[in-house]
Amino acid sequence: MGNRQGSLEKVVTNPMRVLITGSMGYVGPLLIHRLRKTFPNAELIGFDTAFFAHNLTAATKLPESLLDRVHFGDIRNFPPDLLDGVDVIVHLAAISNDPMGKEFEEVTEAINEKASVALAQMAEQRGVARFVFASSCSIYGAAEGRPKRENDSLNPLTAYARSKVAMENALRINAGAMTVTCLRFATACGMSDRLRLDLVLNDFVASAVATREITVLSDGTPWRPLIDVSDMASAIEWAIKRDNDKGGQVLVVNAGTNAGNYQVSDLARAVATELPGTRVSINAAAPPDLRSYQVDFSLFAELAPASQPVVSLLQSVKNLHTGLTEMQFSDREFRESSLMRLKTLNAHIAHGRLSRDLHWQ
Ligand SMILES: NC(=O)c1ccc[n+]([C@@H]2O[C@H](COP(=O)([O-])OP(=O)(O)OC[C@H]3O[C@@H](n4cnc5c(N)ncnc54)[C@H](O)[C@@H]3O)[C@@H](O)[C@H]2O)c1
């Protein structure tokens, strides 16, 4: 361990080499921007199969232009030599939500678990010092009672959530000498150069902008912890820099803030505050939504006091409103559009560009 720690300290003051998998997604552009600013001399390398690369929404400049190199490839066929000299891996590449996980269950396991575990093993063997993994609070699943802490039992309800549990478990076993940080992120929200509208808050803002109406499909009571996508980037930066005495060599930590546990009806109300005149209809007769959970983020507050989420719910809504306005967004049928990741994958398949197992043709 001592050697690796020493080598990281050396590279943090000298140029360090950071590989970001899944760099061309929703989180990637904000992360690239942040890391380029914090580590101006670092060599930043992107790796992505580019399922959504063309879905640029608010960009005035290609986000990847801040990277030193981009490799187009699939982590299921990851070229080991790419790890030569790499100090840090930030692993974002994944089939990244429940609807895609449901439609592509085996692929989700192949990418999010098998290929991801193989990447971590390769990283350890090749002397990578740090591995930062984007996990998810969705692994708590239906969680009655008090907000969930890291050591509480997990209840993954979907293929996506199960794959995140499997990867966390594999990282605990395969860490070797690497410093590993699994950030169990709250549900993301907010503006990005590759905006997604398949996230609850983003959906509400888009709906309010396009139709002046928000329809809450549940009775509005389910709990969702939220984190703005720019605060996700800040948490990842912290994980890249953290000392092992802040959380140990292998750390699993909920990433978000206690104040960021909202009920779905709170989210709808926040959007209506920013966009006055929005009609909110709540389905009081809806059956209980199983995906309700509150999360305890105290450990993250204790370990990373200087990297706590700073973007308020209202600010996320404002940023989305501004971004959508700049895009001249007005699509009432946006849930059928390329701003939904599953729709993009299915369009690739329908046009023969991707196979059913999500390999480019
Ligand atoms: N957005 C959220 O709410 C949220 C919450 C918690 C955790 N996370 C996790 O954070 C990470 C990033 O999320 P995001 O919202 O940017 O996801 P995203 O779907 O927008 O981006 C994922 C990227 O990974 C790439 N990718 C997928 N399979 C690949 C493969 N086999 N090889 C190479 N690249 C591949 C895609 O092309 C895409 O650019 C994911 O691991 C996700 O599970 C996201």
Side-chain angles (χ1 to χ4, degrees), residues 19-32 46-57 63-64 70-79 82 89-101 104 107-116 118-119 132-140 158-165 167-168 182-190 192-203 224-233 235-236 239 254-256 260 291 295 316 338-345 348 354-355 357-360:
L19 177 77
I20 306 165
T21 71
S23 52
M24 304 182 97
Y26 171 62
V27 177
L30 287 115
L31 179 66
I32 291 169
F47 185 91
D48 202 300
T49 191
F51 290 149
F52 314 108
H54 59 300
N55 290 350
L56 282 168
T57 42
E64 290 71 42
V70 185
H71 286 254
F72 293 103
D74 192 307
I75 61 161
R76 288 171 288 183
N77 296 304
F78 190 86
L82 200 53
I89 295 181
V90 179
H91 184 43
L92 303 177
I95 301 302
S96 57
N97 68 18
D98 290 338
M100 287 191 288
F104 302 105
V107 182
T108 298
E109 196 185 323
I111 294 174
N112 296 15
E113 185 181 341
K114 289 196 186 107
S116 295
L119 175 67
V132 181
F133 172 55
S135 187
S136 166
C137 285
S138 67
I139 63 182
Y140 294 116
T158 62
Y160 169 69
R162 283 191 293 276
S163 74
K164 294 290 183 188
V165 175
M167 179 61 176
E168 280 190 7
C182 299
L183 296 165
R184 284 183 185 163
F185 283 117
T187 299
C189 62
S192 162
D193 284 342
R194 286 197 181 81
L195 178 63
R196 312 305 191 199
L197 296 182
D198 47 22
L199 295 158
V200 59
L201 185 71
N202 298 10
D203 173 286
R224 286 279 188 291
L226 288 195
I227 183 169
D228 191 274
V229 65
S230 66
D231 287 328
M232 290 174 81
I236 292 169
N254 297 330
R291 293 161 311 144
V295 175
S316 297
S338 62
L339 294 170
M340 314 293 283
R341 282 167 275 205
L342 179 56
K343 296 288 172 188
T344 295
L345 291 183
H348 283 318
L354 272 183
S355 63
D357 58 2
L358 303 187
H359 285 290
W360 291 110

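Note that ligands are numbered from 1 as they come in the structure, with each ligand's atoms numbered from 1 the same way.
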* To do: Evaluate the side-chain proximity of H359 to R76: yes if any heavy-atom separation is below 4.5 Å, no if none is.
  => yes
* **side-chain hydrogen bond (donor to acceptor under 3.5 Å, both in side chains) between Y26 and N202, worked out** => CA-CA 12 Å; Y26 171 62; N202 298 10; 3.2 Å; yes
* Which residues satisfy the side chain to side chain contact (heavy atoms under 4.5 Å, CB included) test with S316, sequence neighbours excluded? -> C189, L201, D228, V311
* **Under the side chain to side chain contact (heavy atoms under 4.5 Å, CB included) test, residues paired with A161 that sit two or more places apart** =>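 A161 satisfies side chain to side chain contact (heavy atoms under 4.5 Å, CB included) with S138, I139, P156, T158 once adjacent residues are dropped.
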* To do: Indicate whether the side chain of E168 and that of S135 have a donor and an acceptor atom separated by less than 3.5 Å.
  =>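 Yes, S135 and E168 have a side-chain donor paired with an acceptor closer than 3.5 Å.
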Could you check ligand 1 for N or O atoms lying under 3.5 Å from protein N or O atoms and list the pairs with distances?
residue  : atom   : partner : partner atom : Å
ligand 1 : 3 (O)  : A188    : N            : 2.9
ligand 1 : 15 (O) : R341    : NH1          : 3.0
ligand 1 : 16 (O) : Y26     : N            : 3.1
ligand 1 : 16 (O) : V27     : N            : 2.9
ligand 1 : 17 (O) : S96     : OG           : 3.3
ligand 1 : 17 (O) : R341    : NH1          : 3.3
ligand 1 : 19 (O) : S96     : OG           : 2.5
ligand 1 : 19 (O) : R341    : NH1          : 3.3
ligand 1 : 20 (O) : Y26     : N            : 2.9
ligand 1 : 20 (O) : R196    : NE           : 3.0
ligand 1 : 20 (O) : R196    : NH2          : 2.7
ligand 1 : 20 (O) : R341    : NH1          : 3.2
ligand 1 : 31 (N) : D74     : OD1          : 2.9
ligand 1 : 32 (N) : I75     : N            : 2.9
ligand 1 : 34 (N) : T49     : N            : 3.2
ligand 1 : 37 (O) : D48     : OD1          : 2.6
ligand 1 : 37 (O) : F51     : N            : 3.2
ligand 1 : 39 (O) : M24     : O            : 3.2
ligand 1 : 39 (O) : G25     : N            : 3.3
ligand 1 : 39 (O) : D48     : OD1          : 3.2
ligand 1 : 39 (O) : D48     : OD2          : 2.7
ligand 1 : 41 (O) : L92     : O            : 2.8
ligand 1 : 41 (O) : K164    : NZ           : 2.9
ligand 1 : 43 (O) : Y160    : OH           : 2.6
ligand 1 : 43 (O) : K164    : NZ           : 3.0

* Pairing residues for R194 by the side chain to side chain donor-acceptor pair (under 3.5 Å) criterion, not counting sequence neighbours -> E64
